[in-house]
Amino acid sequence: MSRIWFAIWAIVVCQVAAWAFAPEPKPRSQAFAGDGKGYGDTEKYTVESRISQRRGAMVALELPWSGRCTGDTRRHFIEGLNEYYYHRQNQTERYPETFGPAGADYIARQWSTGEDKRIERLTQEAYARGYFKPSDFDGVASKLIAVVVRNERVTGHACAG
């Protein structure tokens, strides 16, 4: 029995020594994927996803004003906007990391369609009327929503109270 414990102890000591004295990994230089394109091979699926996210945001923004403060309508309203702004912010951050400057330019163009401008305008209107606060959304989505409504003044108090 003592031989087994000795073998286990020796393995543990060797493992700890390997961790302690192993050279630090060299930082990798950021190599951008692809061949200078601002997107990868699966971009067609992401394009379809953006279309679906825009559609979901528009459905949320077309919900009746009267129900946006409580119940399921409120939940659908917040979730629809959260989904859209989450993916938009996430892609805006990830594409430059993955594909470099070409990715930053590409994704900026992808999220600046007329429909995106309309979603932003309707989001600003809902914010100004008091139907939400940026803190109502998840961290990633709330960052972009805060930017979209930054210059808006809240003039209504629809959901206050």
*Asks:* A side-chain contact here means heavy atoms from C-beta on lying under 4.5 Å apart; do Thr46 and Tyr95 qualify?
*Replies:* yes
*Asks:* Under 4.5 Å between any side-chain heavy atoms of Ile119 and Leu61, yes or no?
*Replies:* yes
*Asks:* Give the minimum heavy-atom separation between Ala60 and Leu81, together with the two atoms involved.
*Replies:* CB-N, 4.2 Å
*Asks:* Does either side chain, that of Gln53 or that of Ser49, offer a donor lying less than 3.5 Å from an acceptor on the other one?
*Replies:* yes
*Asks:* Are Asp41 and Lys37 packed together at the side-chain level, in the sense that at least one heavy-atom pair is separated by less than 4.5 angstrom?
*Replies:* yes
*Asks:* Is a side-chain donor or acceptor of Ser112 paired with a backbone partner of Arg109 at a separation under 3.5 angstrom?
*Replies:* yes
*Asks:* Working to the nearest 0.5 Å, report the span between CZ of Arg3 and CD1 of Ile8.
*Replies:* 14.5 Å
*Asks:* Would you say Tyr85 and Thr123 are linked by a side-chain donor-acceptor pair, where the criterion is simply a distance under 3.5 Å?
*Replies:* yes
*Asks:* Quick one: do Arg54 and Trp111 satisfy side-chain contact (heavy atoms from CB on, under 4.5 Å)? Show the steps, please.
*Replies:* CA-CA 10 Å; Arg54 286 182 186 107; Trp111 286 112; 4.0 Å; yes
*Asks:* Quick one: do Gln110 and Asp116 satisfy side-chain contact (heavy atoms from CB on, under 4.5 Å)? Show the steps, please.
*Replies:* CA-CA 9 Å; Gln110 295 303 304; Asp116 294 311; over 6 Å; no
*Asks:* Taking NZ, NE, NH1 and NH2 as the nitrogens, is one of them in Glu93 or Lys143 under 4.0 Å from a carboxylate oxygen of the other?
*Replies:* yes
*Asks:* Examine the side chains of His87 and Glu83 and answer whether a donor and an acceptor come within less than 3.5 Å of each other.
*Replies:* yes
*Asks:* So for atom CZ, which belongs to Arg75, do other residues, nucleotides or ligands contribute more than 12 heavy atoms lying within a distance under 6.0 Å?
*Replies:* yes
*Asks:* Should Asp136 and Arg74 count as an ion pair when the cut-off is N to O under 4.0 Å?
*Replies:* yes
*Asks:* Between Trp65 and Tyr127, is there shared hydrophobic-cluster membership here, with clusters defined by ILVMFWY side-chain heavy atoms closer than 4.5 Å?
*Replies:* yes
*Asks:* What pair of heavy atoms forms the shortest contact from Phe77 to Ala126, and how long is it?
*Replies:* CZ-CB, 4.0 Å
*Asks:* Could you state the interatomic distance from OG1 (Thr113) to CD1 (Ile51), rounded to the nearest 0.5 Å?
*Replies:* 9.5 Å
*Asks:* Output yes when Arg94 and Glu97 qualify as a salt bridge under the 4.0 Å nitrogen-oxygen rule, no when they do not.
*Replies:* yes
*Asks:* Under a 3.5 Å cutoff, is there a donor and acceptor pairing between the side chains of Tyr106 and Glu43?
*Replies:* yes
*Asks:* For the hydrophobic clusters of this structure (ILVMFWY residues joined by side-chain heavy atoms under 4.5 Å, transitively), does one cluster hold both Val47 and Tyr86?
*Replies:* no
*Asks:* Treat each ILVMFWY residue as a node, draw an edge where side-chain heavy atoms are under 4.5 Å apart, and state whether Leu122 and Leu144 are in one component.
*Replies:* yes
*Asks:* Kindly determine whether Arg129 and Thr155 satisfy side-chain contact (heavy atoms from CB on, under 4.5 Å), including the steps that lead there.
*Replies:* CA-CA 6 Å; Arg129 290 185 177 190; Thr155 57; 5.5 Å; no
*Asks:* Closest heavy-atom contact between Ala158 and Cys69?
*Replies:* O-SG, 3.4 Å
*Asks:* In Å and rounded to the nearest 0.5 Å, what is the CD to OG1 distance from Gln91 to Thr98?
*Replies:* 10.5 Å
*Asks:* Please tell me whether Phe132 and Phe137 form a close aromatic pair, meaning their ring centres lie under 6.0 Å apart.
*Replies:* yes
*Asks:* Could you walk me through whether Glu152 and Glu125 pass the side-chain contact (heavy atoms from CB on, under 4.5 Å) check?
*Replies:* CA-CA 8 Å; Glu152 295 299 314; Glu125 182 180 350; over 6 Å; no
*Asks:* Taking all non-hydrogen atoms of both residues into account, name the closest pair between Arg68 and Glu62 and its distance.
*Replies:* NH2-N, 4.0 Å
*Asks:* Distance check, rounded to the nearest 0.5 Å: Glu120 atom CD versus Ile145 atom CD1?
*Replies:* 11.0 Å
*Asks:* Locate the shortest heavy-atom distance separating Val148 from Gln124; write the atom from each residue and the value.
*Replies:* O-NE2, 2.9 Å
*Asks:* Output the distance between atom CG (Asn90) and atom CG (Asp138), rounded to the nearest 0.5 Å.
*Replies:* 12.0 Å
